[in-house]
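Residues take their numbers from the sequence shown, with the count starting at 1.
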Amino acid sequence: MVVRLRLARFGRKHLPFYRIFAADARCPRDGRHLEQLGHYDPIPGKDGNKSLGLNIERIQYWLSVGAQPSATVARLLGQAGVIPRPPPGLHKGAVKNPDKYKKK
């Protein structure tokens, strides 16, 4: 079973709130999960900061047994100092080899 650390969306229209889950890669985004590992609120609060809460011990456990973080979770974990920051430009929609897609 391939385990991914990824976000599941909660909240309401235009006010998202995400939970960070360890989940089977075959399950849908908001589907069944193995464990909740934290939360992320991308809407800045009154102090101007976005909220991120992590259960670092459990995240390190899941990473040690081979779980792969999604691009967004890897960015968040890199900002929190849990893992090394991923290189910029390697998000989900980035093209890794742009020369491959040039017209000839």
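By the rule that hydrophobic residues join a cluster once side-chain heavy atoms approach within less than 4.5 Å of another member, V2 and V65 end up as members of separate clusters. Placement of Y61 and L5 within a single hydrophobic cluster is found when ILVMFWY residues are connected by side-chain heavy-atom separations under 4.5 Å, directly or transitively. Taking hydrophobic clusters as Ile, Leu, Val, Met, Phe, Trp and Tyr residues chained together by side-chain heavy-atom distances below 4.5 Å, Y18 shares a cluster with I20.
For the atom pair CD of Q60 and CG of L54, the computed distance is 10.5 Å after rounding to the nearest 0.5 Å. Here the NE2-CZ distance, from H39 to F17, works out to 5.5 Å after rounding to the nearest 0.5 Å. Atom CZ of R6 is separated from atom SG of C27 by 6.5 Å, given to the nearest 0.5 angstrom. To the nearest 0.5 Å, atom CG of residue L52 and atom CG of residue N49 are 11.5 Å apart. Here the CD-CH2 distance, from E35 to W62, works out to 6.5 Å after rounding to the nearest 0.5 Å. Separation of atoms CD (E57) and CG (L37) is listed at 12.0 Å; rounding is to 0.5 Å.
Because its NZ or CZ atom is not both nearer than 6.0 Å to the ring centre of Y40 and within 45° of the ring axis, R19 does not count as a cation-pi partner of that residue.
At most 12 heavy atoms of other shown residues, nucleotides or ligands fall within 6.0 angstrom of atom CZ in R32.
Side-chain atoms of V3 and L34, non-hydrogen and from C-beta on, do get closer than 4.5 Å to each other.
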Result block: side-chain N/O donor-acceptor pairs under 3.5 angstrom for residues 68-85, not counting sequence neighbours:
from: S70; atom 1: OG; to: V73; atom 2: N; distance (Å): 3.4

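Of all non-hydrogen atoms in P42 and P16, the two that sit nearest each other are CD-O, 3.7 Å.
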